[in-house]
Amino acid sequence: MTISAVDATQELAVFLRTRREQLDPDALGLPARRATRRTPGLRREEVAELAGVSVDYVVRLEQARGPRPSADVLDALARALRLPPVERAYLFDLAQPRPRTADAPTTIAAPPLARLVDDLAPLPAMLLNHRYDILAWNREMAALLLDFGALPPGRRNAMWLCLAHPELSARYADRERVVREGVAHLRAAWAAHPQDPVLTGLIDELHAADAEFARLWAARDITVGGRGHKVLHHPEAGPLALDAEVLAPLHDPDQRLLLFRAANDASRAALKRLSGS
């Protein structure tokens, strides 16, 4: 399978269908129907009723032959399908793509942000773009994860490294969750940046080379993580419990600042040992 640039109509159809099939009619308090359900999830007529649209309209959307939905209809469908905020944003990106900007996607760190990454020491910090390309990092982040400077620039990508670099892959205690969240982030970025050939090429490469990535990509999970908790097994510092924070600069919305803080006293002491302070 080759991942193409976003076919918004086709992806919208599949996304609506998969989310409909994931809903539990009993949990939504829908009245019991005499007919036995042959497929999981809600029926199209139930989604149509909840969203206030015709059944034929839902059918045409799920068959990729309907008209582009209005914002009001998208909002109604999001409510009917109980979409969380990140999946609602994904739905809107598919149906009403964001205006294209004149600037190409960021491939270098904005100088003020690069200086900020250094100034955040002793906290480990790095700067990424929407593709998970690593644009800047401080010495503490390199000591914690990997010497990114020793890698070819084309391989300084957090998603690729987590999947394909043995040293970094082994460092995450809950690697499966980290990979799942990373794939879900890439899918959201893929919809938000439909004309980014480098992103599409990265997804294509990972999809062809890694069965785990291909399986998770097909699940169509969506997430945009801003805060989390990670446990690392460091060969020198031992186990580390870390709180992760992702910040989005207003002047450089295509870049994300990731920093780690120790979640307990033992991890704080280990980070200090790693940074040499």
Side-chain angles (χ1 to χ4, degrees), residues 101 103-165 167-175 178-179 181-186 188-189 192-193 196 198-199 202 223-237 240-264 267-277:
T101 61
D103 298 331
T106 307
T107 56
I108 59 173
L113 292 178
R115 291 194 297 271
L116 177 60
V117 168
D118 284 334
D119 291 344
L120 282 169
L123 293 179
M126 65 180 175
L127 191 69
L128 307 100
N129 62 13
H130 66 275
R131 304 175 191 136
Y132 272 148
D133 293 334
I134 301 167
L135 308 180
W137 60 93
N138 60 16
R139 185 171 61 88
E140 288 74 14
M141 185 64 86
L144 178 66
L145 294 182
L146 201 64
D147 182 5
F148 302 114
L151 298 172
R155 286 308 184 203
R156 294 174 193 164
N157 179 275
M159 187 76 254
W160 184 89
L161 289 169
C162 191
L163 285 167
H165 195 287
E167 181 182 342
L168 185 59
S169 179
R171 200 155 291 190
Y172 290 105
D174 192 0
R175 177 188 169 280
V178 173
V179 172
E181 291 175 352
V183 175
H185 167 90
L186 279 186
H193 302 269
D196 182 353
V198 178
L199 175 60
L202 171 67
T223 191
V224 180
R227 181 170 295 150
H229 182 79
K230 287 182 171 56
V231 177
L232 302 181
H233 294 306
H234 195 278
E236 298 174 15
L240 289 156
L242 303 171
D243 292 323
E245 197 78 31
V246 180
L247 307 177
L250 290 176
H251 284 284
D252 300 281
D254 190 44
Q255 302 187 17
R256 296 291 183 270
L257 180 64
L258 168 65
L259 56 94
F260 288 122
R261 294 176 298 160
N264 54 44
S267 298
R268 188 171 298 108
L271 283 181
K272 286 184 177 180
R273 290 196 301 273
L274 279 177
S275 66
S277 59

Closest non-hydrogen atoms of Arg131 and Leu202, given as atom of the first, atom of the second and distance, are O-CD2, 3.6 Å
The complete set of salt bridge (charged side-chain N to carboxylate O under 4.0 Å, His left out) pairs with one or both residues in residues 145-155, sequence neighbours excluded, reads Arg155-Glu205
Nearest heavy-atom approach of His233 to Ala173 is NE2-CB, 3.6 Å
Output for pair (His193 NE2, Leu186 CG), nearest 0.5 Å, gives 11.0 Å
Can you tell me if His234 uses its side chain to pair, donor with acceptor, with the backbone of Leu271 under 3.5 Å?
no
For Glu181, the side-chain hydrogen bond (donor to acceptor under 3.5 Å, both in side chains) test, sequence neighbours excluded, returns Arg177
Margin query: Any side-chain to backbone donor/acceptor pair from His130 onto His185? Under 3.5 Å, distance only.
Written below: no
(Q) Using side chain to side chain contact (heavy atoms under 4.5 Å, CB included), reason through Val179 and Met159 one step at a time and then give a plain yes or no. (A) CA-CA 7 Å; Val179 172; Met159 187 76 254; 4.0 Å; yes
Distance col, row Ile108:CD1 vs Gln255:CD, nearest 0.5 angstrom, shows 8.5 Å
I'd like to know if the side chain of Arg156 and the backbone of Phe148 have a donor-acceptor N/O pair within less than 3.5 Å. yes
Practice prompt. Would you check if Leu163 and Arg175 make a side-chain contact, meaning some heavy-atom pair closer than 4.5 Å?
Written response: yes
The salt bridge (charged side-chain N to carboxylate O under 4.0 Å, His left out) partners of Glu245 (sequence neighbours excluded) come to Arg227, Arg261
Rounding to 0.5 Å, atoms CG (Leu135) and CG (Asp254) come to a distance of 8.5 Å
Taken in chain and number order and not counting sequence neighbours, the residues that satisfy side-chain hydrogen bond (donor to acceptor under 3.5 Å, both in side chains) with His229 are Asp243
When rounded to the nearest 0.5 Å, the distance separating CG of Leu145 from SG of Cys162 is 10.0 Å
For Ala244 and Phe260, the nearest pair of non-hydrogen atoms, with its separation, is CB-CE2, 3.5 Å
| query | Would you say Val231 and Asp174 make side-chain contact, with heavy atoms under 4.5 Å? | reply | no
Check step by step if side chain to side chain contact (heavy atoms under 4.5 Å, CB included) holds for Leu113 and Leu257. CA-CA 8 Å; Leu113 292 178; Leu257 180 64; 5.8 Å; no
**OP:** Could you tell me whether the side chain of Arg256 reaches within less than 4.5 Å of the side chain of Tyr132, counting heavy atoms only?
**Re:** no
Rounded to the nearest 0.5 Å, the CG atom of Leu144 sits from the NZ atom of Lys230 at a distance of 11.0 Å
Between Glu140 and Ser275, the two heavy atoms sitting closest are CG-CB, 3.6 Å
Shortest non-hydrogen pair, Ala109 vs Ala114, comes out as CB-CB, 4.1 Å
What do the steps show when you test Asp252 against Leu127 for side chain to side chain contact (heavy atoms under 4.5 Å, CB included), and what is the final call? CA-CA 11 Å; Asp252 300 281; Leu127 191 69; over 6 Å; no
Residues Asn138 and Leu120: closest non-hydrogen pair is ND2-C, 4.4 Å
The reported gap from CZ in Arg171 to CG in Leu146 (rounded to nearest 0.5 angstrom) is 7.0 Å
Sequence neighbours excluded, the answer for side-chain hydrogen bond (donor to acceptor under 3.5 Å, both in side chains) partners of Asn157 is Asp133
Thr223 meets the side-chain hydrogen bond (donor to acceptor under 3.5 Å, both in side chains) criterion, sequence neighbours left out, with none
Derivation and outcome, side chain to side chain contact (heavy atoms under 4.5 Å, CB included), residues Leu151 and His165: CA-CA 11 Å; Leu151 298 172; His165 195 287; 4.3 Å; yes
Q | Validation row: Leu232, Tyr172 side chains within 4.5 angstrom (heavy atoms) | A | yes
